[in-house]
Structures are given as C-alpha cells and as structure tokens.
Amino acid sequence: MALFKRKQSHSFPPPHWSITKKCLDLIFECAKSSFPNEFGGMLKTSEGDKQLITEIVLLPGTIAGESHALFQMHMRPIDFTVVGTVHSHPSPSSRPSEADKQLFSKYGKVHIIVGMPYGYKSWSAYDYSGKKITIAVV
Ligand code: ZN
C-alpha cells in the first residue's frame, strides 16, 4: 500500500507575524559584524503581542558553520516569548539549507535567514516546514 504524504491542512489561519524595524535593523547589524562568519540568535516577541517580534537573543560564540550545532544546545524552551530562530548566511542566499530545514522542524514557529548584503531585500522568513512566509515590518 502506498504511503501518502499527509497534507498540511490546518483549520486555523496561519499567524500573522510582524517584526519591528528596529529589531530587523539589529539583525542586519549583527550579520554584518559577524561576516564572514554566520551569526545565530533566537527571536523573541513582546510580552503584550505574541506575534510581534521585538528582540533577538544572540547565541554567544557562534562560529562559521557551527551555528546549527549551537542552536541545538540552546533549544530549550527557556522562555515562552522565544518563537524561533534567526541566522545569517555568508552568501547572497537567504534560502534554507537541508540542515536549516531540520532545525526549523525541531524548534520554533518562525525563522529568519538573512543573506548578503544584509538589507531589506536580502532576508526571508520561513515556518517550521521551511515554507516561505511573510512577516510585516512595523
Ligand atoms: Zn542556514
């Protein structure tokens, strides 16, 4: 008997994520200052609005190519306002690698990848399945 892939049909509407411009600017700054290494961090929402990303928590000591290992170590639900991850790529690609997709599926609901040159046109957001999602910049 053939195995059918389970369709991802959630009955509830997808969350409408947003991020403050200030937070996004900080992400770009971190990406630039870490280059040519990757930087990794956690996305935190405000206490009042659980879908508004306002802060990043940097993972200290992130080194090139090791960010995924570091993420795994920090993947404990420390804080309910932590909703996902952010990391940079030292390349123009903001598409998730296979390792990224695995990371996304294990932890969090929203993930941001920033590619070079680390500006408003070089970032993307994904859900847990690696599907591209839209985040409003507010
Ligand atoms: Zn990546």
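We count ligands from 1, going down the list as the structure has it; atoms in each ligand are counted the same way. Just so you know, residue 1 is the first one in the sequence shown, and it goes up from there.
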Exercise for review: Would you name the N/O/S atom of H87 that lies closest to the Zn ion (ligand 1)?
Suggested key: NE2
Exercise for review: Return the set of residues passing side chain to side chain donor-acceptor pair (under 3.5 Å) with K101 (not counting sequence neighbours), or none when no residue passes.
Suggested key: none
Review point. Are the side chain of S88 and the backbone N or O of F39 linked by a donor-acceptor pair below 3.5 Å?
Key: yes
Practice item. Using a cut-off of strictly less than 2.8 Å, determine whether E38 has an N/O/S atom near the Zn ion (ligand 1). Key: no
Check your understanding: With sequence neighbours left out, which residue pairs that include part of residues 49-59 fulfil the salt bridge (Lys or Arg N to Asp or Glu O under 4.0 Å) condition?
Key -> none
Review point. Which is the closest N/O/S atom of D100 when seen from the Zn ion (ligand 1)?
Key: OD2
Practice item. Verify whether the ring centers belonging to Y128 and Y107 lie closer than 6.0 Å. Key: no
